[in-house]
Amino acid sequence: MYDNGPTPGRNDACWCGSGKKYKKCHEAFDEKLQRFWDKGLNVLPRSLYKSPEDIEGIKRSAAINIGALDYVGENIHAGVTTEEIDQWIYEYTTQHGGIPADLNYEGYPKSVCTSINDVVCHGIPCKDDVLREGDIVNVDCSTILDGYYSDSSRMFCIGEVSEERKKLVEVTRESVQRGLAAVKPWGTLCDMAAAVQECVEENGFSVVREFGGHGIGLDFHEDPFVGFTVESPDVDTLLVPGMCFTIEPMVNAGAPDIFIDEKNGWIVHTKDGSDSAQWEVQLVVTEDGYELLSW
């Protein structure tokens with residue numbers, strides 16, 4: 001097989017552990033993947049496609065993830081610090097049996113990312129970051145429950161924001177919806193990326209290239225890298241039922257160029273100081289489209 005994984009005999013037990021004979025389980029699926037590989041498409045290893053049991057586990061994790069962001073939405077307002085948001089996420093997640101996936105991930109010091117105005121992503125919560133009237137902020141929350149990972153983020157407008165900021169937030173959300181509409185089994189990531197890029201650029205904004213979505217489910221960041229322009233790496237990746245990933249374009253009001261704060265090695269800013277927005281959803285490709293898991 002293309003992924004150098006097991007290929008049982010037709011009457012042997014399937015490699016997936018279902019107990020069924022291979023010919024009654026994954027044989028036709030594997031042969032289809034091999035045909036696409038032979039055509040030159042990027043086909044993920046079979047180990048990355050999620051089983052129905054995996055999807056149910058991810059959904060249980062996502063219930064905490066969604067609930068934590070709902071809690072933020074109910075309590076966020078001008079005067080709140082991002083440190084308080086971090087405490088909300090930690091307390092909600094742990095009280096519901098989960099673990100904040102961000103906390104201590106590759107040295108990241110907090111339970112959530114809070115990215116205000118010109119911060120593209122990975123904003124680190126702190127007591128000195130006080131939300132003010134007119135700010136826009138992305139709250140990016142990731143959750144582990146029983147070894148299953150969920151991930152989503154939302155934009156919040158603090159009080160009355162400018163029309164320019166409001167448009168940026170709304171267009172970014174629309175780009176996610178357009179990307180979702182382009183997800184079809186046996187299509188490619190390029191279909192989704194093209195839909196996102198077109199929506200963003202027709203409204204005069206730009207898509208960040210260096211950061212994007214990712215596979216997720218049994219680990220925080222799995223293959224593939226999910227970019228949101230047609231020039232992104234891995235855009236030829238085949239969309240296969242059971243493939244679980246995030247759509248999370250980072251959209252800048254100005255140019256797409258960014259820089260990372262050298263003091264902490266995490267916080268990403270727009271290079272020209274323009275505002276940035278991001279929404280993130282997690283989905284699984286199905287036989288007839290997709291299913292949202294976290295949003």
Side-chain angles (χ1 to χ4, degrees), residues 61-145 149-162 165-166 168-169 172-173 208 211 216 220-221 246 248 250-252 258-270 273-282 294-295:
S61 176
I64 300 174
N65 187 271
I66 294 164
L69 287 173
D70 285 345
Y71 185 86
V72 172
E74 292 162 3
N75 292 277
I76 197 169
H77 58 81
V80 164
T81 67
T82 55
E83 179 71 23
E84 289 177 277
I85 295 173
D86 183 73
Q87 292 172 355
W88 296 343
I89 293 291
Y90 179 82
E91 291 171 2
Y92 185 97
T93 302
T94 55
Q95 287 171 5
H96 287 79
I99 301 169
D102 287 352
L103 187 59
N104 298 320
Y105 176 76
E106 295 186 351
Y108 186 77
K110 296 293 183 176
S111 297
V112 69
C113 297
T114 50
S115 303
I116 306 170
N117 299 337
D118 72 320
V119 177
V120 176
C121 60
H122 302 161
I124 302 174
C126 70
K127 62 183 180 180
D128 296 327
D129 280 342
V130 182
L131 297 179
R132 294 177 171 81
E133 182 89 5
D135 283 342
I136 56 173
V137 58
N138 176 268
V139 179
D140 190 343
C141 178
S142 307
T143 308
I144 312 169
L145 179 69
Y149 288 74
S150 56
D151 193 5
S152 59
S153 80
R154 302 181 195 172
M155 292 297 300
F156 296 98
C157 295
I158 307 303
E160 291 296 322
V161 304
S162 67
R165 284 181 169 170
K166 186 182 298 184
L168 176 64
V169 170
T172 305
R173 185 169 187 171
V208 171
F211 293 89
I216 183 173
F220 196 171
H221 295 99
T246 65
E248 48 177 313
M250 299 165 204
V251 178
N252 294 350
I258 61 171
F259 72 93
I260 300 174
D261 190 326
E262 294 181 354
K263 293 180 181 178
N264 53 64
W266 281 103
I267 303 176
V268 181
H269 295 264
T270 57
S274 63
D275 292 323
S276 188
Q278 177 192 20
W279 294 85
E280 177 182 10
V281 299
Q282 180 180 358
S294 194
W295 57 87

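Only heavy atoms go into these numbers, but all of them, side chains included; no hydrogens, no water, no symmetry mates.
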Contact check, side chains of Leu131 and Ile116, non-hydrogen atoms, under 4.5 Å: yes
Spacing of SG belonging to Cys113 relative to CG belonging to Asn138, to within rounding of 0.5 Å: 8.5 Å
More than 12 heavy atoms of other residues, nucleotides or ligands under 6.0 Å from CZ of Arg173: yes or no? no
When every non-hydrogen atom of Gly98 is compared with those of Ile64, the smallest separation belongs to N-CD1, 4.0 Å
What's the shortest heavy-atom distance between Asp102 and Asp140, and which atoms? OD2-O, 3.5 Å
Can you list the residues that meet the salt bridge (Lys or Arg N to Asp or Glu O under 4.0 Å) rule with Glu83, with sequence neighbours excluded? Lys110
Before you tell me yes or no, could you show the steps for Ser274 and Asn252 under side chain to side chain donor-acceptor pair (under 3.5 Å), namely the whole-Å CA-CA distance, both residues' side-chain angles and the distance that decides it to 0.1 Å? CA-CA 7 Å; Ser274 63; Asn252 294 350; 5.2 Å; no
Straight-line distance of Ser152 OG to Leu69 CG, nearest 0.5 Å: 4.5 Å
Quick one: does Asp135's side chain have a donor or acceptor within less than 3.5 Å of a partner on Arg132's backbone? yes
I'd like to know if the side chain of Trp279 reaches the main chain of Val169, judged simply by a donor and an acceptor atom lying under 3.5 Å from each other, with no hydrogens or angles considered. yes
Taking Gly123's backbone N and O only, do any of them form a donor-acceptor pair with Ser115's side chain (distance below 3.5 Å, no angle check)? yes
Thr93 side chain reached by Ile99 side chain, heavy atoms, under 4.5 Å: no
Closest contact, heavy atoms only, Thr81 versus Lys127: CG2-O, 3.5 Å
Take Thr270 and Asp275 through the side chain to side chain contact (heavy atoms under 4.5 Å, CB included) test and state the conclusion after the steps. CA-CA 7 Å; Thr270 57; Asp275 292 323; over 6 Å; no
At what distance, to the nearest 0.5 angstrom, does CG of Asp129 lie from OG1 of Thr82? 4.0 Å
Any donor-acceptor pair under 3.5 Å linking the side chain of Asp70 with the backbone of Gly73? no
Correct closest heavy-atom pair for Gln282 and Ser150 would be OE1-CA, 3.0 Å
With sequence neighbours left out, what residues match Asp151 under salt bridge (Lys or Arg N to Asp or Glu O under 4.0 Å)? none
Taking side chain as C-beta onward, heavy atoms only, is Tyr108 less than 4.5 Å from Ile124? yes
Report yes if the side chains of Asn117 and Arg165 come closer than 4.5 Å at any heavy-atom pair, otherwise no. yes
Does any non-hydrogen side-chain atom of Ile158 lie less than 4.5 Å from one of Ile136? no
Looking only at heavy atoms, which two atoms of Ile260 and Trp266 are closest? And how far apart? CG2-N, 3.9 Å
Do Thr143 and Tyr149 have side-chain heavy atoms sitting under 4.5 Å apart? no
Report the distance from atom CD of Glu84 to atom SG of Cys126, rounding to the nearest 0.5 Å. 11.5 Å
Between SG of Cys121 and CD1 of Ile258, what distance do you get to the nearest 0.5 Å? 6.5 Å
Could you go step by step and tell me if Trp88 and Val80 meet the side chain to side chain contact (heavy atoms under 4.5 Å, CB included) rule? CA-CA 11 Å; Trp88 296 343; Val80 164; 3.9 Å; yes
Does Glu248 use its side chain to pair, donor to acceptor, with the backbone of Gln278 at less than 3.5 Å? no
Any chance OH of Tyr92 has more than 12 other-residue heavy atoms, nucleotides or ligands included, within less than 6.0 Å? yes
Can you see which heavy atom on Ser294 is nearest to which on Asn65, and at what distance? OG-OD1, 2.9 Å
List the steps, then state whether side chain to side chain contact (heavy atoms under 4.5 Å, CB included) holds for Ile76 with Ile85. CA-CA 8 Å; Ile76 197 169; Ile85 295 173; 3.9 Å; yes
With side chains defined as the heavy atoms from C-beta onward, is the minimum distance between Val208 and Val251 less than 4.5 Å? no
Is the Phe211-His122 ring centre distance short of 6.0 angstrom? yes
Test item: Phe156 and Arg154 side chains (from C-beta on) under 4.5 Å apart, heavy atoms: yes
Verdict with reasoning, Leu103 to Tyr90, per side chain to side chain contact (heavy atoms under 4.5 Å, CB included): CA-CA 9 Å; Leu103 187 59; Tyr90 179 82; 4.1 Å; yes
Side-chain donor or acceptor of Tyr105 paired with backbone N/O of Pro109 under 3.5 Å: no
Using modelled atom types and a 3.5 Å cut-off, is there a donor and acceptor pairing between side-chain atoms of Ser153 and backbone atoms of Glu280? yes
Just how far is it from atom CD of Glu91 to atom CD1 of Ile89, taken to the nearest 0.5 Å? 10.5 Å
